[in-house]
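Heavy atoms only: backbone and side chains are in, while hydrogens, waters and symmetry mates are out. Here the structure is a predicted model, which is why all the values come from computation and not from measurement. Chain letters run A, B, ... following the sequence lines, proteins first, then strands; residues in each count from 1.
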There are 2 protein chains.
Amino acid sequence: MRISELSRSSGVPVPTIKYYLREGLLPSGERTGRNQAAYGGEHLRRLKLVRALVDVGGLSIAAVGDVIDVLEASDVVTHQVLGVVQRSMGSDDPPEADRAAQDEVRDFLARRGWETMADDPAARSLAGVVATARKLGHHRFAAQLDAYAEASVGIARQDLDYVLLHSEVDDVLESMVIATVLGDAALVALRKLAQRDASARLLGEE
Amino acid sequence: MRISELSRSSGVPVPTIKYYLREGLLPSGERTGRNQAAYGGEHLRRLKLVRALVDVGGLSIAAVGDVIDVLEASDVVTHQVLGVVQRSMGSDDPPEADRAAQDEVRDFLARRGWETMADDPAARSLAGVVATARKLGHHRFAAQLDAYAEASVGIARQDLDYVLLHSEVDDVLESMVIATVLGDAALVALRKLAQRDASARLLGEE
DNA sequence: CCATTCTGGATAGTGACACTTTCTACTATC
DNA sequence: GATAGTAGAAAGTGTCACTATCCAGAATGG
């Protein structure tokens, strides 16, 4: 497969593929001459993954690069990939949390038995969210966290089941990346639909 | 309050405040002279809201403008604000869904009794997610939707409760905006924490 | 054989975005 | 009366994700 066919079957313009090659998001094709190279199914597959991460996951090109690096490192454990993917998906630098917000999040983590995750980036961005809520006068927002967490636990169990179910079929690591990124997008969309449904029922249509 | 004090108490640089004024994100202060204006608490409050939408919600300046416009329109109903906020938060243009993905989402909506929301942007982006999953070889991803939806319904109920609870205290519309945007960020962070917890339990630490 | 199309690789340019900088002509304050 | 601050306008900046242009050489169709 030459680059034009790769472009045709992926829908990604040739110059963009070249750009991804330059950025190390795609391995270079097998050289068959001074200015000729052949690409295979793995390239197509990788290209689709990159586009999914960018288009659906909203990852920057640099973040996709980090994910790819982890996928290609051979000595990486499943549990670690999750961390890298999650970090790549996180916001660049969450607003800093003041003491009160940090305390609320610390208490919350303690209630759930999640104390060990206090310095996880996700916990920090959670503290940032709570701090922002407080600055906006929404001091009771933190009380929502328990309900959100309850739902999240159910979702996470689903996520794990899904990944483990696919562990024979495919590359587990890639499945984990895909499930994490697509799951996020799906969940956000579904929350919107559920909100609109609830809102329509309680507050009346339009 | 002059602009420098507004800057100091919000942490937003003066030139940025001027930029927001130009973009209509902030109403102009009350003129007290040819080149002097006074800003009040409502300006500070608005400024904090703008920063929350940008920093936590990841909204573009244009999207924040749309939200502000709706908040300032007096004849708007609660249920409509939700739609505008949700649209402002959505990705610009989700990947197009092929027939198979559309069918799966249609079936899913029918199972939930959500047929009426088939042309909601959130439903479209959901179809885009499913289509992307299929392109990546994850045909069973759509089966996850029911579990996600179940969790989303619980979350949405929480969200509504929260907004209605605050309907006396504050501006309901603003509460809705804040709860929707911050809730999204909180939920995404919590899913990560829950995933890491589940992953640590099932797959072993580190 | 030869005109046209395509190739990998390098370099430079583009458009959107969210600010920043700089400017001018004033005004407030010490 | 020197210094700092102000509104408003215009131009500039840095980042990002491409996109365009070149080039020498290779593939392909007639």
Side-chain angles (χ1 to χ4, degrees), chain A residues 1-40 43-44 46-47 49-68 88-89 91-93 95, chain B residues 1-40 43-44 47 49-68 88-93 95:
Chain A
M1 196 182 345
R2 282 169 306 175
I3 202 171
S4 59
E5 194 184 337
L6 186 59
S7 168
R8 231 174 302 115
S9 48
S10 67
V12 179
V14 172
T16 304
I17 295 175
K18 287 185 176 182
Y19 168 62
Y20 290 165
L21 285 165
R22 278 200 303 282
E23 298 296 313
L25 268 42
L26 218 53
S28 30
E30 198 187 341
R31 293 291 290 272
T32 63
R34 178 171 291 281
N35 69 344
Q36 225 71 20
Y39 304 89
H43 291 93
L44 182 54
R46 167 66 60 81
L47 194 47
L49 178 63
V50 169
R51 292 312 289 219
L53 261 34
V54 168
D55 292 341
V56 178
L59 302 218
S60 69
I61 294 299
V64 173
D66 293 344
V67 173
I68 296 290
S88 304
M89 294 173 60
S91 60
D92 338 313
D93 35 60
Chain B
M1 196 183 346
R2 281 169 305 174
I3 201 170
S4 60
E5 193 183 339
L6 185 60
S7 169
R8 231 174 302 115
S9 49
S10 68
V12 179
V14 171
T16 304
I17 295 176
K18 286 186 176 184
Y19 168 62
Y20 289 165
L21 285 164
R22 280 201 301 281
E23 297 297 311
L25 269 41
L26 219 51
S28 30
E30 199 187 341
R31 292 291 290 271
T32 62
R34 178 171 290 282
N35 69 344
Q36 226 71 19
Y39 303 89
H43 292 93
L44 182 54
L47 194 47
L49 178 65
V50 169
R51 292 311 289 218
L53 262 33
V54 168
D55 292 341
V56 178
L59 269 64
S60 69
I61 294 299
V64 173
D66 293 345
V67 173
I68 296 291
S88 304
M89 294 174 60
S91 59
D92 339 312
D93 35 60

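Using a 4.5 Å cut-off on side-chain heavy atoms (C-beta onward), A/Leu44 and A/Tyr39 make no contact. At a threshold of 4.5 Å between non-hydrogen side-chain atoms, the residues A/Met89 and A/Val67 do not count as touching.
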Produce the list of close N/O pairs, under 3.5 Å, pairing protein atoms with atoms of nucleotides 16-18 of chain C; give distances to one decimal.
from	atom 1	to	atom 2	distance (Å)
C/dA18	OP1	B/Ile61	N	3.3

Side chains of residues 18-35 of chain A: which donor-acceptor partners sit under 3.5 Å, not counting sequence neighbours?
from	atom 1	to	atom 2	distance (Å)
A/Tyr20	OH	A/Arg51	NH1	3.0
A/Arg31	NE	A/Gly33	O	3.3
A/Arg31	NH2	A/Arg34	O	2.7

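Closest to the B/Ile3 side chain, of the nucleotides C/dC6, D/dA7, D/dA10, is D/dA7.
A heavy-atom distance below 4.0 Å to DNA chain D is reached by none of the residues of residues 5-15 of chain B. Residues of residues 26-36 of chain B that place a heavy atom closer than 4.0 Å to DNA chain C, in numerical order, are B/Arg34, B/Asn35, B/Gln36.
Residue pairs meeting the side chain to side chain donor-acceptor pair (under 3.5 Å) criterion with at least one partner in residues 1-17 of chain A, sequence neighbours excluded, do not occur; the list is empty.
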>> Run B/Ile17 and B/His43 through side chain to side chain contact (heavy atoms under 4.5 Å, CB included) and show every step you take.
In response: CA-CA 10 Å; B/Ile17 295 176; B/His43 292 93; over 6 Å; no

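Straight-line distance from the CG atom of A/Leu47 to the P atom of D/dC18: 11 Å, rounded to whole Å. As a whole-Å value, the separation of B/Glu23 CD from D/dG8 P is 15 Å. Rounded to whole angstrom, the span from the CD1 atom of B/Ile17 across to the C1' atom of D/dA9 amounts to 18 Å. Here C/dG9 presents its P atom at 11 Å from CZ of A/Arg22, a figure rounded to the nearest Å. To the nearest angstrom, P of D/dC18 lies 10 Å from CG of A/Leu25.
Between the CG atom of B/Leu6 and the CG atom of B/Leu47 there is a distance of 5.5 Å, given to the nearest 0.5 Å. The distance from atom CG of B/Leu59 to atom CG of B/Asp66, rounded to the nearest 0.5 Å, is 9.0 Å.
Comparing A/Lys18 and B/Leu21 by the nucleotide of DNA chain D that holds the closest heavy atom to each, the one mapping nearer the 5' end is B/Leu21.
OP1 or OP2 of C/dG8 sits under 4.0 Å from a side-chain N or O of A/Tyr39.
Counting distance only, with no hydrogens placed and no angle test, the side-chain atoms of A/Arg2 and the base atoms of D/dT28 include no donor-acceptor pair under 3.5 Å.
A search for side-chain contact (heavy atoms from CB on, under 4.5 Å) contacts involving B/Pro15 returns B/Pro13, not counting sequence neighbours.
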